[in-house]
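All remarks here apply to the structure that follows.
Numbered from 1 within each chain, the chains take letters A, B, ... in sequence-line order.
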Amino acid sequence: MPELPEVETVRRGLAQAMAGQRIVGLEVRRDGLRFPFPADFRQRLQGATLERFERRAKYILAYTDRRDALLIHLGMSGRFTILPPTGPAEGPTTFYYNQAQAQGSGAHDHVVFDLEDGTRVIYSDPRRFGLMDITPAEQAREHRLLRGIGVEPLGDDFTPSYLAERFRDKKAPLKAALLDQRIVAGLGNIYVCEALFRSGLSPERAAGSIVRSKGASPQVRALVANIRTVLEDAIAAGGSTLRDYAQVNGELGYFQHRFDVYDREGKPCPRPGCKGAVERIVQSGRSTFFCRTCQK
DNA sequence: AGCTCGACCTGCACGC
DNA sequence: TGCGTGCAGGTCGAGC
């Protein structure tokens, strides 16, 4: 699922449902996801109050009143489902989580949080590429998985001169360079394709080739601007969808979004006046979608 | 040092 | 219907 905009949408949804609340029950149904859960994982979270939710790259950091941070990555297929209490309409202490039953499955529900107000939050992840870890809050941003990650593309440090510096002399194709989390944090396969399309840049082109000897070229500037807007647009779409969608079935993360090129192989190029078609190629083992006519 | 690729998992869409 | 194949929004670490 998740690239930066989806993770940000999930972060906001979790904060809305969980911040300020105590975890009164925590069920951990397997040994781990991508990595084993720490031995004291459950003990450190059970009874703790969740204070605030941050995002770094595609990671979510949930800080507790015990000076811990719960580190979460959704991998490819991680999802959170929020089930508001539907009781106690039918009884003083009974809460019905019938939405979960309506959705069936549950086979991949790995971690279940029960909060003091009766909300239940379920993490499910069929492929189990996601991860959760618990770490002291002060060191959370220096966690081994976060150390070395590049700048936030929506932050002040993501500038044309930064990108030019990191791309200079780089022979890897633009596609691979933008997927490299050590350079820019949070881009994934979809938004790299989309940002390159908006910029009119070929994903096959060497990253260093858009850098002028002096520094940031117009192409670098355009790419930086387009990366920002493609992410902001997606967050806006997720945010607007979040309200309705989360009310319908409690799920956070996926939302309806139109892409210009991603997963549109063979379709006409959406650029007005362009006669080209969207092409699919494979770069470092992953699909790239682009229009050869307008992306140079 | 920089880059590519396999590995980690399950589910789903497709063609035969 | 069943089976094999290829594909999926990520990323770590081995190996060139």
Going 5' to 3' through nucleotides 2-7 of chain B and flagging B where a protein heavy-atom sits under 4.0 Å of the base, S where only the sugar-phosphate is that close, and - otherwise, we get -SSS--

Just checking A:L179: base, sugar-phosphate only, or nothing, at a heavy-atom cut-off of under 4.0 Å?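 No contact.
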
_By the 4.0 Å heavy-atom rule, please label A:F259 as base, sugar-phosphate, or nothing._
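The residue A:F259 makes no contact with any strand.
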
For the pair [X] and [Y], find out whether any cationic side-chain nitrogen is under 4.0 Å from an anionic carboxylate oxygen.
X	Y	answer
A:E54	A:R52	yes
A:E152	A:R55	yes
A:R182	A:D180	yes
A:E8	A:R11	yes

Problem set entry | A:S77 side-chain N/O to C:dG9 phosphate OP1/OP2 under 4.0 Å |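 So the side-chain polar atoms of A:S77 never come under 4.0 Å of the phosphate oxygens OP1 or OP2 of C:dG9.
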
I'd like to check the ring pair (Phe, Tyr, Trp, His ring centres under 6.0 Å) partners of A:Y123; sequence neighbours left out, ordered by chain and number.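 By the ring pair (Phe, Tyr, Trp, His ring centres under 6.0 Å) rule, A:Y123 matches A:F80.
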
| said: Could you check whether A:H108 and A:D125, counting side-chain N and O atoms only, form a donor-acceptor pair closer than 3.5 Å? | reply: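 No donor-acceptor contact under 3.5 Å links the two side chains.
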
Under a 3.5 Å cut-off on both pairing distances, which runs of 3 or more consecutive Watson-Crick or G-U pairs involve DNA chain C?
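Output for stems: B:2-8 with C:10-16, B:10-16 with C:2-8.
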
**OP:** Would you please determine if the base of B:dC8 is stacked by A:F129, with stacking meaning a centroid separation under 5.5 angstrom and planes under 30 degrees?
**Re:**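 Stacking is present between B:dC8 and A:F129, given that their ring centres fall under 5.5 Å apart and the planes under 30°.
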
- request: Answer with yes or no whether A:R286 presents, from its side chain, a donor or acceptor under 3.5 Å of a partner atom in the base of C:dA8.
  value: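 Side chain to base: no pair present.
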
Checking only heavy atoms, does the side chain of A:R127 share a donor-acceptor pair with the base of B:dC9 at less than 3.5 Å?
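Yes, the side chain and the base share a sub-3.5 Å donor-acceptor pair.
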
